[in-house]
Amino acid sequence: MAWRNPWYNSSLAHHTPQGFRNADAPAHQPGDVERWRKARKAAGLPKPPSQGYDHFISQWWQPVTLNSEAEDGVWWLGHASLLLRLAGRYILTDPVFSHRASPLPFAGPQRKTPSVMSVAALPPLDALVISHNHYDHLDNATVRQLIKRFPQLTFFVPLGLGDWCRRRGAKHVVELDWWQSYVFEGLTFTAVPAQHWSMRRPWDRNRALWCGWVMEGKNQRFWFSGDTGYSPELLTIPERLGKLDTVALPVGAYAPRWFMSLNHMDPQSAVALWQQLGMPLAIPVHWGVFELADESLDEPVNELSQALQDVAPDNSRFHILKIGQYLSL
């Protein structure tokens with residue numbers, strides 16, 4: 001029997017009987033994936049950073065230093081992993097502490113920069129936030145380690161990922177559709193739209209939803225965008241939920257743009273979106289760890305720096321962090 005979407009709601013444009021979709025986005029054409037892979041192989045992409053991996057690490061990596069201050073703040077742990085302290089609660093997003101973003105220990109994208117933190121070194125976590133099920137955002141080994149150390153940890157996931165978490169031992173799972181909210185420990189978690197896709201195995205494409213998350217306390221509304229291409233729909237987030245104080249925007253895995261732009265913002269799109277949002281406090285994510293597309297490891301930060309200089313002379317609120325660096329909110 002063919003799989004049917006158990007959450008299907010015909011009134012919602014991003015639902016289909018077979019899963020989920022980007023309602024207003026164009027789709028890739030047949031053969032696009034093979035075309036990209038063939039060109040990538042022929043050109044030998046991606047290339048190393050301009051001055052080599054060791055220099056990149058020395059420039060953009062530092063150990064995490066946890067502080068005991070009570071203020072809201074965020075540590076960028078690399079790629080899409082953030083450790084957020086909000087109203088005294090610790091929240092972790094899309095943690096991948098493994099050597100590879102892959103179902104296999106011997107193949108698939110491997111880390112080019114070291115992990116800045118182990119599960120054992122984390123502070124007491126209150127919540128874990130997952131944006132979608134791709135291996136560079138949802139890592140089986142890391143999740144199992146987190147559940148072992150924090151057995152009462154509460155998971156916030158989009159539709160379709162609840163059972164995956166429970167099978168690994170998660171006791172508290174909140175599974176939400178776009179625009180649904182849940183109040184937890186005085187914080188409001190809202191799943192919001194993203195333009196992306198999902199798949200962990202060849203037969204489960206788009207059976208689970210993808211999303212970003214807005215996490216709101218008394219004095220801070222923080223948007224973790226997850227993995228997303230640029231879409232005007234993203235601007236409905238502050239329209240519906242209120243002005244965003246801090247945003248984490250993806251800037252990597254964008255080359256070649258003809259293929260990647262549907263699902264990944266490039267630095268220029270991230271800066272444009274930041275401006276449209278009213279230039280809140282911002283940090284770039286989804287770069288610096290894994291080589292998932294054709295650009296070199298240092299190209300996102302180089303292009304982002306140039307884009308900020310070109311279009312936003314007053315860009316002091318867009319903070320380009322080192323992996324492991326802390327930012328007070």
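This is a predicted model, so every value here is computed, not measured.
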Next on the checklist: In terms of relative ring orientation, are Phe259 and His28 parallel, tilted or perpendicular, with 30° and 60° separating the classes?
Outcome noted: parallel
Checklist outcome for this item: For Ser131 and Gly226 the tightest heavy-atom approach is CB-CA, 3.7 Å
Item to check | Side-chain (Trp287) to main-chain (Val301) donor-acceptor, under 3.5 angstrom | outcome: no
Checklist entry - Between Tyr326 and Trp75, what is the ring plane arrangement, given parallel below 30°, perpendicular above 60°, and tilted in between? => result tilted
Item to check | Same cluster (ILVMFWY, side-chain, under 4.5 Å), Tyr135 and Leu128 | outcome: no
Checklist entry - Should Leu159 and Tyr8 be regarded as members of a common hydrophobic cluster, given that ILVMFWY residues are connected when their side-chain heavy atoms come within less than 4.5 Å of each other, either directly or indirectly? => result no
Checklist entry - For the side chain of Trp60 and the backbone of Ile323, is there at least one donor-acceptor N/O pair under 3.5 Å apart? => result no
Checklist entry - Crowded around Lys243 NZ? As in, over 12 foreign heavy atoms under 6.0 Å? => result yes
Checklist entry - Are the side chain of Ser198 and the backbone N or O of His132 linked by a donor-acceptor pair below 3.5 Å? => result no
Next on the checklist: Show every side-chain hydrogen bond (donor to acceptor under 3.5 Å, both in side chains) that has at least one partner inside residues 288-303, sequence neighbours left out.
Outcome noted: Trp36-Asp294, Arg40-Asp294, Ser50-Asp298, Tyr53-Glu291, Tyr254-Glu303, Arg257-Glu303, Gln268-Glu303, Ser296-Glu299
Next on the checklist: Donor-acceptor check, side chain of Ser81 to backbone of Asp94, threshold 3.5 angstrom: yes or no?
Outcome noted: yes
Checklist entry - What closest approach, in Å, do His264 and Asp227 show between heavy atoms, and which atom pair accounts for it? => result CD2-OD1, 2.9 Å
Next on the checklist: Is it the case that the side chain of Asn5 and the backbone of Gln18 share a donor-acceptor pair, with hydrogens and angles ignored and the cut-off at 3.5 Å?
Outcome noted: no
Checklist entry - Nearest 0.5 Å, what's the CZ-CG distance between Phe222 and Leu281? => result 8.5 Å
Item to check | Nearest atoms (heavy-atom pairs only) where Asp126 meets Arg89 | outcome: OD2-CA, 3.3 Å
Next on the checklist: Among residues at least two apart in sequence or on other chains, which ones pass side-chain hydrogen bond (donor to acceptor under 3.5 Å, both in side chains) with Asn9?
Outcome noted: Ser11
Item to check | Chi angles and distances behind the side chain to side chain contact (heavy atoms under 4.5 Å, CB included) call for Leu122, Leu146 | outcome: CA-CA 9 Å; Leu122 287 166; Leu146 287 166; 3.6 Å; yes
Item to check | Under 3.5 Å: donor-acceptor pair, side chain of Thr228, backbone of His196 | outcome: no
Item to check | Geometric class of the Phe189/Phe156 ring pair [parallel <30°, tilted 30-60°, perpendicular >60°] | outcome: parallel
Next on the checklist: Within a 6.0 Å radius of atom CG on Asp24, are there more than 12 heavy atoms belonging to other residues, nucleotides or ligands?
Outcome noted: no
Item to check | Trp223 six-ring face occupied by Arg221 cation (under 6.0 Å, within 45°) | outcome: no
Checklist entry - In Å and rounded to the nearest 0.5 Å, what is the CZ to NE2 distance from Arg21 to His15? => result 10.5 Å
Next on the checklist: Is there a continuous path of hydrophobic side-chain contacts, each under 4.5 Å between heavy atoms, that joins Val251 to Val74?
Outcome noted: yes
Checklist entry - So Phe20 and His14, would you call those rings parallel, tilted or perpendicular, with 30° and 60° as cut-offs? => result parallel
